[in-house]
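Following: one structure in structure tokens, then a few remarks.
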Amino acid sequence: MTKARPESLGTTDRGKLEQAIRHHLFHHEDTPEPFRAEDMLGVDGTIHFRQFLSALMEHDPRYFRAALERLRKEHVPLLVICETLIVPIAEELGRMWCEDIESFASITAASSRLQMLLTSLTEADGPSFYDEERSRILLMRMPSNDHTLGLSVIAAVFQDEGWIVDGGPSLQTGKRAYAMTRDGGYKLIGVSVAAGSTTEDVATVVKNLRKACPDRETGILLGGPSLSDRQAEMKSTGADIVANDVRQAIQMANAMNLSSLG
């Protein structure tokens with residue numbers, strides 16, 4: 001029995017997420033002091049982002065635990081949570097670090113909590129699929145890509161969509177990754193590409209993956225926010241899918257999967 005997927009993951013789900021966070025963060029007697037109803041004034045549409053960022057940066061861990069616990073009780077698709085909370089907050093933490101707004105220790109602690117949020121939500125409600133019904137994906141990153149949270153998000157969303165996920169942020173392209181590819185059984189192989197990854201380097205990785213993979217129908221996915229202006233360039237590497245974000249990646253992967261089944 002497969003888990004039903006949402007028909008739409010757009011404005012409706014975003015509104016549901018925001019409404020849920022408003023209700024749970026601003027209308028409970030035990031809500032920590034920073035989450036006050038008057039804080040909502042004038043920030044319609046961004047309250048979930050700002051309040052969770054505040055909880056991540058707060059030294060007292062009770063604020064983060066309260067926010068996490070209340071969010072877990074809402075059955076909002078993980079993809080929407082990643083898009084509206086995890087990814088934009090990660091980008092904001094990066095900006096705060098680059099502009100020296102917060103200390104290294106504060107940014108590190110907040111980033112760890114963000115990873116904890118993702119892990120907790122992933123473990124809270126695993127997919128209800130039998131293994132034999134699930135497609136497999138192998139995820140890895142280019143050696144020049146040190147931003148592992150993005151690949152963690154991809155892994156979590158694919159798992160939530162019912163895929164069996166191998167590899168992940170700890171797996172770099174190279175001998176170990178090619179050995180896993182050689183074992184076969186993957187419907188898709190995903191490579192996280194950094195801004196500094198050259199077309200030549202990526203093309204070499206794609207070539208090596210093709211050579212190692214025993215199944216000629218296995219697709220290769222390249223992903224990363226830096227690829228929005230490099231679509232044609234990355235397509236020339238021989239990849240089947242080039243995605244700028246997690247939504248594109250999962251939609252295109254699911255479409256390819258359904259097409260191969262048909």
Side-chain angles (χ1 to χ4, degrees), residues 9 11-126 145-157 159-160 168-170 192 225 245-247:
L9 296 178
T11 305
T12 301
D13 284 323
R14 290 173 185 268
K16 180 181 177 183
L17 173 61
E18 182 177 339
Q19 182 180 10
I21 293 174
R22 282 178 176 176
H23 175 76
H24 284 285
L25 291 187
F26 298 105
H27 298 285
H28 282 68
E29 293 180 359
D30 60 342
T31 298
E33 183 61 25
F35 302 125
R36 297 171 300 179
E38 54 265 32
D39 290 337
M40 292 172 55
L41 300 177
V43 288
D44 187 46
T46 59
I47 191 65
H48 58 280
F49 170 83
R50 291 297 170 191
Q51 296 303 325
F52 268 83
L53 179 59
S54 175
L56 288 171
M57 301 301 298
E58 178 61 48
H59 291 297
D60 189 335
R62 290 180 302 168
Y63 299 101
F64 170 67
R65 287 199 297 263
L68 174 58
E69 184 60 30
R70 289 162 188 168
L71 181 59
R72 288 179 62 179
K73 293 178 180 178
E74 300 301 325
H75 299 292
V76 180
L78 181 61
L79 175 58
V80 177
I81 295 174
C82 289
E83 286 185 318
T84 58
L85 286 180
I86 295 175
V87 172
I89 285 177
E91 293 173 348
E92 179 66 6
L93 291 174
R95 184 191 69 81
M96 293 167 71
W97 166 244
C98 291
E99 297 180 7
D100 204 23
I101 296 174
E102 292 288 341
S103 68
F104 175 77
S106 295
I107 296 297
T108 300
S111 298
S112 296
R113 286 175 173 174
L114 199 59
Q115 180 70 59
M116 190 186 305
L117 167 66
L118 179 62
T119 302
S120 177
L121 293 175
T122 304
E123 293 175 346
D125 185 23
N145 188 358
D146 295 325
H147 301 287
T148 59
L149 181 62
L151 194 52
S152 295
V153 168
I154 292 286
V157 171
Q159 181 178 329
D160 191 61
S170 63
S192 178
D245 55 40
V246 63
R247 179 178 292 272

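In this chain, numbering begins with 1 at the start of the sequence shown.
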Closest heavy-atom pair, L149 versus A90, reported as atoms and distance to 0.1 Å, is CD2-CB, 3.5 Å
So do the side chains of C82 and L118 get within less than 4.5 Å of each other, counting heavy atoms only?
yes
Are side-chain heavy atoms of E102 and L93 found at a separation under 4.5 Å?
no
Carboxylate-amine/guanidinium proximity below 4.0 Å for R247 and D245:
no
A55 to R113 - nearest heavy-atom pair and separation
O-NH1, 3.3 Å
Test item: S120 side-chain N/O and M116 main-chain N/O as donor-acceptor pair under 3.5 Å
no
Could you report the tightest heavy-atom contact between L117 and I86, atom names first, then the distance?
CD2-CG1, 3.9 Å
Between the CG atom in L114 and the CD atom in E92, the distance rounded to the nearest 0.5 Å is 12.0 Å
Can you name the closest pair of heavy atoms from L151 and S192 and give their distance?
CD1-CB, 4.0 Å
Is it true that E69 and R65 make a salt bridge, defined as a side-chain N closer than 4.0 Å to a carboxylate O?
no
Out of curiosity, S112 OG to L56 CG, how far, rounded to the nearest 0.5 Å?
10.5 Å
